[in-house]
Number of protein chains: 4
Amino acid sequence: MPIVSEEHKNQRKKQILDSALACFSQKGYDVATIDDIVKHSGISKGSIYNYFKSKEEIYIDLLEVSTKNIYDELTVQINKLHTAIDQMKFLFDYLIDQDPSTELQKDYSLVKFEFQLSSSRNEELKEVLENSLKDTKMKIIEGILSKGVISGEFRKELNIEVYAEMFWSFVDGATLQNLLFPNYPYHELLKEQKSIFLKKVIKP
Amino acid sequence: MPIVSEEHKNQRKKQILDSALACFSQKGYDVATIDDIVKHSGISKGSIYNYFKSKEEIYIDLLEVSTKNIYDELTVQINKLHTAIDQMKFLFDYLIDQDPSTELQKDYSLVKFEFQLSSSRNEELKEVLENSLKDTKMKIIEGILSKGVISGEFRKELNIEVYAEMFWSFVDGATLQNLLFPNYPYHELLKEQKSIFLKKVIKP
Amino acid sequence: MPIVSEEHKNQRKKQILDSALACFSQKGYDVATIDDIVKHSGISKGSIYNYFKSKEEIYIDLLEVSTKNIYDELTVQINKLHTAIDQMKFLFDYLIDQDPSTELQKDYSLVKFEFQLSSSRNEELKEVLENSLKDTKMKIIEGILSKGVISGEFRKELNIEVYAEMFWSFVDGATLQNLLFPNYPYHELLKEQKSIFLKKVIKP
Amino acid sequence: MPIVSEEHKNQRKKQILDSALACFSQKGYDVATIDDIVKHSGISKGSIYNYFKSKEEIYIDLLEVSTKNIYDELTVQINKLHTAIDQMKFLFDYLIDQDPSTELQKDYSLVKFEFQLSSSRNEELKEVLENSLKDTKMKIIEGILSKGVISGEFRKELNIEVYAEMFWSFVDGATLQNLLFPNYPYHELLKEQKSIFLKKVIKP
DNA sequence: TATGAATGAGAATTCATTCAT
DNA sequence: AATGAATGAATTCTCATTCAT
């Protein structure tokens with residue numbers, strides 16, 4: 001018989017994660033302190049430790065929840081479309097429109113990149129990344145590509161895995177550059193890449 | 001021991017930077033401690049602070065020196081070639097051969113990516129990145145592209161800046177993915193990208 | 001323990017300042033360490049830094065609080081007396097009675113002298129000294145002198161500022177010598193000075 | 001058979017002590033570093049440790065040498081005068097003329113006060129102070145006073161020790177205030193004190 | 001003698017986590 | 001559940017002193 005509703009608890013957790021996102025984005029995970037989150041969220045230190053058992057748990061939860069939110073929504077939109085080509089175009093356009101991304105998008109991207117980097121040194125984080133984040137992203141593009149191959153829209157001999165990796169490595173690379181350099185031609189690059197990628201993939 | 005040769009001092013500095021690279025790569029800049037560098041290098045803490053005035057200075061020097069070493073060498077090799085197409089191919093092949101890159105290469109890449117991330121939160125680092133690291137990389141590719149445009153090898157209407165950014169965003173993106181995911185098809189991706197890029201760039 | 005009364009927090013602060021006084025007095029500000037204060041007070045290092053943000057802040061607070069306590073009390077006592085001559089005599093007697101002063105008095109005096117010295121090299125300390133410490137002391141003596149001039153007890157042509165400075169320079173000088181040399185004839189000197197000073201000041 | 005002449009060694013020592021005086025005055029003994037002295041003197045660290053076995057020894061030597069220099073010279077001048085009254089007047093005038101003292105005078109005074117303070121916490125320093133510094137100063141004034149009593153210039157019943165202490169406690173107090181407060185009326189105070197002191201001391 | 005690189009104990013300060021209220 | 005005071009291990013950096021050259 002909980003004193004506080006599940007609803008309220010989720011609300012509280014979300015509040016903490018939102019603040020954590022802001023703080024980790026601004027200062028980086030290692031430099032940001034629990035006190036930063038306290039100040040940003042207005043929630044006491046003790047309370048934060050009621051909801052999460054460590055700073056690292058906040059980090060992991062943050063990434064899992066954010067990623068899920070973003071890609072679930074995207075998947076729904078993509079599945080509304082009927083051809084692989086349309087889906088592919090939609091995915092590109094969706095990513096192109098992200099710039100000039102919202103502050104939230106930017107925060108998320110920064111934190112995600114740092115997480116990826118940290119994960120290369122920390123087994124627990126790596127597992128989260130592999131199982132949760134990477135998987136979600138790859139499923140989307142692999143889904144579209146195999147759908148296209150099956151439907152005959154895309155080239156039969158297409159190496160799906162390579163093209164899927166190629167897709168995200170370019171997008172992630174561009175997103176990173178875009179975060180780091182103010183005049184980065186994100187739009188142009190993605191548009192260019194869209195046309196190149198489609199030409200390579202679509203059956204001539 | 002004093003009144004020691006400049007040679008010896010440079011050797012000592014290099015030793016410290018080498019250890020710093022290993023430590024920063026293994027744990028990340030924030031988590032790695034000066035004591036880690038002490039342990040790894042066998043040089044005392046006091047001595048390290050005789051050569052560098054802060055942990056941050058080690059970080060910056062490390063990036064500047066490493067980058068200079070890598071790209072100076074690369075530039076020399078490229079300049080030996082006479083056509084832009086050969087230079088472009090050489091650059092791709094050079095990058096393709098980097099994988100499965102030495103441990104040192106990997107360490108450098110990891111640290112460089114973390115540096116890029118940190119630089120988005122720290123003006124001093126950002127300046128180093130802009131003035132030193134980014135600049136060096138961009139000059140190489142822009143040099144090749146403009147040489148090709150002038151010589152007539154490449155398309156006249158080529159937007160050099162966009163293609164230069166595109167080139168590195170892809171390479172950096174792939175390098176990052178390669179670092180993070182063991183089965184990343186780095187070779188295939190770069191080869192594919194080489195053929196795509198050349199086709200786009202070379203006058204038909 | 002949190003959500004603790006303001007009372008308790010003030011008590012804690014006082015405890016830290018008391019220990020700081022003891023430590024700074026015993027070893028000097030620069031030589032005394034935070035660990036000394038930890039050991040003396042039984043309060044953990046982290047806690048001390050919850051109450052004061054630096055060693056220097058402890059120093060400044062210590063001086064301000066101590067001075068305020070001492071001179072506020074003294075001012076109250078002086079204001080109970082109705083003639084400037086009585087006030088002047090009381091002030092001398094009060095200072096004469098300070099010797100052989102309590103340990104606390106001695107500690108305070110030592111720390112105060114060191115603070116004065118440090119303040120000649122540190123703008124922040126100098127400001128505290130000028131605005132808080134010096135001012136408080138000068139107000140007391142200037143108050144008495146001008147009261148005496150107005151009431152006709154003291155010589156009309158008395159240069160109040162000069163005599164005020166003279167008063168404290170002598171007292172502070174004697175206090176310092178007294179601290180430093182065990183057989184210093186503090187009593188006799190102040191009694192002598194009392195009679196000289198009064199004779200010079202009182203209208204013949 | 002020394003390689004370097006005694007002359008040269010003394011010259012070197014003096015150079016170090018001069019720099020030490022400047023550094024200790026500017027930053028205080030604890031804060032000033034051997035490297036500060038190295039920088040100021042142009043003499044290497046190793047060399048400094050050839051001439052003095054520790055930072056503290058520099059401190060002690062500095063005080064002893066400076067004090068000796070100052071008071072030896074003063075004693076010579078005083079002994080040229082034939083009456084105690086003239087000597088007393090000369091001493092006052094000498095001290096009055098010290099303000100606006102030279103930078104060197106100021107440095108010496110600051111360092112001397114700090115030394116006095118430190119000596120209250122350090123037996124070795126205390127001994128130096130008692131045996132060397134205090135003694136020298138007291139001898140001068142006690143010499144004059146007893147000469148005056150014997151010659152009949154001064155009051156027979158004069159308590160020489162008390163008046164000697166009183167003299168220096170006032171002078172040192174004023175010197176300290178003068179160092180610390182830019183507008184301190186050092187001249188006026190000493191002139192005033194000169195007339196008071198002489199009146200009290202000279203046989204009516 | 002002169003040099004200045006090397007050393008490491010020790011300083012101030014921070015911060016994730018705990019826990020009494 | 002919520003609070004925020006308390007803790008102390010861990011961090012960066014300093015500096016008197018030593019000693020090989």
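What you see is a predicted model; the values in this text were computed from it and never measured.
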**Request:** Find the distance C:Lys13:NZ to F:dA6:P and express it as a whole number of Å.
**Result:** 13 Å
**Asked** Within less than 4.0 Å of OP1 or OP2 of F:dT7, is there a side-chain N or O belonging to C:Tyr49?
**Response** no
**Asked** Can you tell me how far P of F:dA2 sits from CD of A:Gln11, to the nearest Å?
**Response** 12 Å
**Request:** Quickly work out the B:Asn50 CG to F:dC15 P distance and round it to whole Å.
**Result:** 12 Å
**Asked** Do C:Gln26 and C:Asp107 have side-chain N/O donor and acceptor atoms under 3.5 Å apart?
**Response** no
**Message:** What is the separation between atom CD1 on D:Ile37 and atom P on F:dC15, rounded to the nearest whole Å?
**Reply:** 13 Å
**Message:** Output the rounded distance in Å from NE2 (C:His8) to P (F:dG4).
**Reply:** 15 Å
**Residue A:Ile34, side-chain atoms from C-beta onward, closest of E:dT13, E:dT17, F:dT12** = E:dT17
**Request:** Report which part of the nucleic acid A:Thr33 touches: base, sugar-phosphate, or nothing (heavy-atom distance under 4.0 Å, all strands).
**Result:** sugar-phosphate
**Item:** Length of the CD1-C1' vector between B:Ile16 and E:dA6, whole Å
**Value:** 11 Å
**Fill in**
DNA chain F nearest-nucleotide lookup for A:Ile48 and B:Tyr29: closer to the 5′ end is A:Ile48
**Complete:** Comparing A:Asp35 with C:Lys55, nearest DNA chain E nucleotide closer to 5' gives the residue C:Lys55
**Request:** Counting Watson-Crick and G-U wobble pairs only, both distances under 3.5 Å, name the nucleotide matched with E:dG4, or none.
**Result:** F:dC19
**Message:** When you measure from the side-chain N and O atoms of D:Lys9 to the phosphate of E:dT1, is any distance below 4.0 Å, counting only OP1 and OP2?
**Reply:** yes
**Separation of atom OH in B:Tyr59 from atom C1' in F:dT11, rounded to whole Å** = 17 Å
**Prompt:** Hey, are C:Glu7 and C:Arg12 close enough for a salt bridge, meaning a charged N less than 4.0 Å from a carboxylate O?
**Reply:** no
**Asked** Hey, which of these two, A:Gly42 or B:Ala32, hits DNA chain F nearer its 5' end, going by closest nucleotide?
**Response** A:Gly42
**Prompt:** Can you find a side chain N or O atom of B:Tyr51 that sits less than 4.0 Å from OP1 or OP2 on E:dA6?
**Reply:** yes
**Message:** Under 6.0 Å from the ring centre and within 45 degrees of the ring axis: does the NZ or CZ of A:Lys9 meet both conditions for the six-membered ring of A:Tyr51?
**Reply:** no
**Asked** Parallel, tilted or perpendicular: which describes the rings of B:Tyr29 and B:Tyr59, with under 30° parallel and over 60° perpendicular?
**Response** parallel
**Message:** Side-chain N or O of A:Arg12 versus OP1/OP2 of F:dA1: is the shortest distance under 4.0 Å?
**Reply:** no
**Complete:** Taken to the nearest whole Å, CG/A:Asp36 to P/E:dC15 is 8 Å
**Message:** Closest-nucleotide mapping onto DNA chain E: is C:Lys45 or B:Ile43 further toward the 5' terminus? I mean the 5' end.
**Reply:** B:Ile43
**Prompt:** Can you check whether A:Ser47 has a side-chain N or O nearer than 4.0 Å to OP1 or OP2 of F:dT3?
**Reply:** yes
**Request:** Could you check if a side-chain atom of D:Ser41 sits within less than 4.5 angstrom of a side-chain atom of D:Asp18, using non-hydrogen atoms only?
**Result:** no
